[in-house]
Colleague: 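One structure, pasted below without further comment.
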Amino acid sequence: MLEIKNLHVELEEEEKKILKGVDLVLEPGKVHAIMGPNGSGKSTLSYVLSGRDGYEVTDGSATLEGEDLLEMEPEERAAAGLFLAFQYPVEIPGVGNMTFLRTAVNAQRKARGEEELSAGEFLKVVREKAKSFKIDADMLKRPVNVGFSGGEKKRNEILQMAMLEPKMCILDETDSGLDVDAMKLVAQGVNALRDGKRTFLVITHYQRLLDHIKPDVVHIMANGRMITQGGPELALEVENNGYANLLEDA
Amino acid sequence: MALPKIKQDLTDAVLAQPVPEGGSWLTAARDGARARLGGLGMPIRRDEYWKFTNPESWTGAQAFLTASDASTIFDDAEPLTLVFTDGAFDAAASDDLALEGVSIELLSGVAHTDLHWAKGLYGKLEAAANGAERRDGARLFKPVARPMAALNTAMAEEGVLIHATGEVTRPIRISYRSAGGSPQLHHLVKVEEGASVTILEEGMPGAQSNVMMEADVADNGTLHHLRIQGPEQDRATLTNFFARTGTESTLKTFGFTANGSITRNEAVIEITGDNATAHIAGGCLGDNERGSFHHDDTVYITHDAVNCESRQVFKKVLRNGATGVFQGKILVQPHAQKTDGYQISQSLLLDDDSQFLAKPELEIYADDVACSHGSTSGAIDEQALFYLRSRGVSRKEAEDLLTLSFLAEALEEIEDEALAEMVQAKIEDWLRG
Ligand SMILES: Nc1ncnc2c1ncn2[C@@H]1O[C@H](COP(=O)(O)OP(=O)(O)O)[C@@H](O)[C@H]1O
Ligand SMILES: [Mg+2]
């Protein structure tokens, strides 16, 4: 599904190397987890994949189903099926959450040559999905993420994911700052979308989330590279012993 | 005191123009305005209040030739519509002027009627605003010269006279069309105690226009006023809005401009009764293809009563070398305790060539007041732009959405949600080009 080869990335502003040769192959239909100490470059990787400005790719490649992601505009990547649940969802005062969702859904449908959803159809779907993430009518009406609690922002990310039905979902620390109940809702959202074809990349600090979303592969990232990978048991080891041993081995 | 020579020459030239026909009271009002204008002189660039906006755009000889599209922004509100083409009333295109709770007449129709309420309002607020600096007990009056308003009082031949005596359920629309003339219109609005009315203005009055509205809102009265100026490129628009408001009254006025080459909206609001509310808001979308967009809002609100609230909310979207100007003043008289004054002016600069010039002024002589003001200029929020694009929204659509979100605080000042939606829909149209 997603193939990253020897990806090197620097900041555009200063000459700071952040990703130093990332290799990662995500199989269709699988759930991959990335764990790693703060500052490893996990968020940078997710931003570079989704096309945020400010980074310079100095070497390597990233392809989604064989297509060169790095050549595409962010909106083209989204239309191709890539989705990033932000670690820090952005507040947009003055744009209603509902307007935002509908604009996004219809923009993607249009890009794929599909009919736009009518206001009525859209409303029906969004209400139903919102309910399953305990997002009430008020949150749908309010400006995007403005005045939302940390947990509400994260649930709002998952709602967007559920509405957009992407092929490749990246979740960047969607669990951080969530209580157990909110985390279960997020996990539920992910599990509901698991259909054997859709691929997930779950970035997290905690084993906790992975109790609810069973990963197929766990990757450990440190200092701008993937240093090792394994099964779900690797997450348990990190939980118990931290990263020290793994870093030494690498 | 003698006027500077160029001011004097300009003023002499204007005063040499023929005086419009009128009956006794109107002639007297015009004579008064001519005298005021003679004393003040026509505006020149060196005047403090005109340093950001060149008055020659109106006083110069040339009139651009351009035609306006008949605007249809408020059709869905089913307003009672009066059409003015280059300042002349077009009866055939207008509705029947009968409406419950209000009398609607034309200035030309009452010019020879000696007993008319218009006599007590025509030019009166303008004259007060153009008076000399003075004291009345502890109260302080520091008028700023409004020569273009005096010129309007002296020269206007037509206008709508709206006298609301009850709750007027249908909005009254003043719809402008132009084939390139230079009209001066002078509207009067009198809202009696407890009455309420909504007035809509839309379209282009002329290639060069000077339009004035004087509004007297009595105790418990409500006036909602919206003015939408369309996207015609070559248009010099000057508006003067003078209001005096009574106890527990509500005044909300909103203006929005898309393009035009030059626009100056002056507003002078005197809050004279306790517990009153006065809001003025507006914005613009300045993207003149010819790169000559200039948009000026100049506001002066006086708090002359206790426990009143005023808001000034202005949002300007500037692109393609556009200039936005905001001069906003709040004067709080010594006895105007518990005043709640808010003023914000912001610009969204969509390129480096555009500029925003803001001059907020607060003059507060009471001690128990809460007044805040702020002014900012910023570019599109790159984070928000990326967030939207990462959801599949194209750059252009995302920029438009963020532009609308920037304007939202001003649009929220429109009291009636349905009208607000009509304005928003029109702005969306304009954004999409
Ligand atoms: N825009 C930026 N400016 C400066 N430093 C940055 C920027 N983005 C990332 N970094 C740095 O790059 C490294 C990786 O950051 P990040 O990708 O956020 O790591 P992680 O998500 O794994 O915690 C950190 O050292 C961080 O400080
Ligand atoms: Mg991170």
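Every chain is numbered from 1, with letters handed out A, B, ... down the list of sequences.
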Colleague: Can you pull out every salt bridge (Lys or Arg N to Asp or Glu O under 4.0 Å) where at least one residue sits in residues 61-74 of chain A? Sequence neighbours excluded, please.
Modeller: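 Sorted result for residues 61-74 of chain A: A/Glu65-A/Lys167, A/Glu73-B/Arg389.
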Colleague: For B/Arg170, does the CZ atom have more than 12 heavy-atom neighbours from other residues, nucleotides or ligands under 6.0 Å away?
Modeller: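 Enclosed: over 12 neighbouring heavy atoms sit under 6.0 Å from CZ of B/Arg170.
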Colleague: Taking CD in A/Glu114 as the centre, count heavy atoms belonging to other residues, nucleotides or ligands within less than 6.0 Å. Is the count above 12?
Modeller: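 Counting neighbours around CD of A/Glu114, more than 12 heavy atoms of other residues, nucleotides or ligands fall under 6.0 Å, so yes.
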Colleague: Quick one: does A/Gln160's side chain have a donor or acceptor within less than 3.5 Å of a partner on B/Arg391's backbone?
Modeller: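 Side chain of A/Gln160 to backbone of B/Arg391: no pair is present.
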Colleague: Donor-acceptor pairs are to be reported for all side-chain atoms of residues 379-386 of chain B against protein atoms at under 3.5 Å, with residues two or more places apart or in another chain.
Modeller:
residue	atom	partner	partner atom	Å
B/Asp381	OD1	B/Gln383	N	3.0
B/Asp381	OD1	B/Ala384	N	3.3

Colleague: For A/Arg52, which atoms come within 4.5 Å of any heavy atom of chain B: side chain, backbone, both, or neither?
Modeller: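 Both parts, heavy atoms under 4.5 Å.
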Colleague: Heavy-atom count check: over 12 atoms from other residues, nucleotides or ligands less than 6.0 Å from B/Lys338 NZ?
Modeller: no
Colleague: According to the side chain to side chain donor-acceptor pair (under 3.5 Å) rule, which pairs have a member within residues 121-132 of chain A, sequence neighbours left out?
Modeller: A/Ser118-A/Glu121
Colleague: What option among A/Val144, A/Val95, A/Val105, A/Leu164 has the most heavy-atom pairs under 4.5 Å with chain B?
Modeller: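 Top option by heavy-atom pairs under 4.5 Å: A/Val95.
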Colleague: Under 4.5 Å, counting heavy-atom pairs only, tell me which of B/Ala408, B/Ser390, B/Gly392 racks up the most with chain A.
Modeller: B/Gly392
Colleague: After noting the C-alpha distance and the side-chain angles of B/Tyr387 and A/Asn145, does the key distance pass the side-chain contact (heavy atoms from CB on, under 4.5 Å) rule?
Modeller: CA-CA 12 Å; B/Tyr387 190 58; A/Asn145 293 325; 3.3 Å; yes
Colleague: With chain A as the partner chain, list the residues of residues 397-405 of chain B whose heavy atoms fall under 4.5 Å from it, by residue number, and write 'none' if nothing qualifies.
Modeller: B/Glu397, B/Leu401, B/Leu402, B/Ser405
Colleague: Among the options A/Pro74, A/Ala107, A/Ala111, A/Ser50, pick out the one with the most heavy-atom pairs lying under 4.5 Å from chain B.
Modeller: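 That would be A/Pro74.
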Colleague: Is any side-chain heavy atom of A/Ile92 closer than 4.5 Å to one of B/Leu388?
Modeller: yes
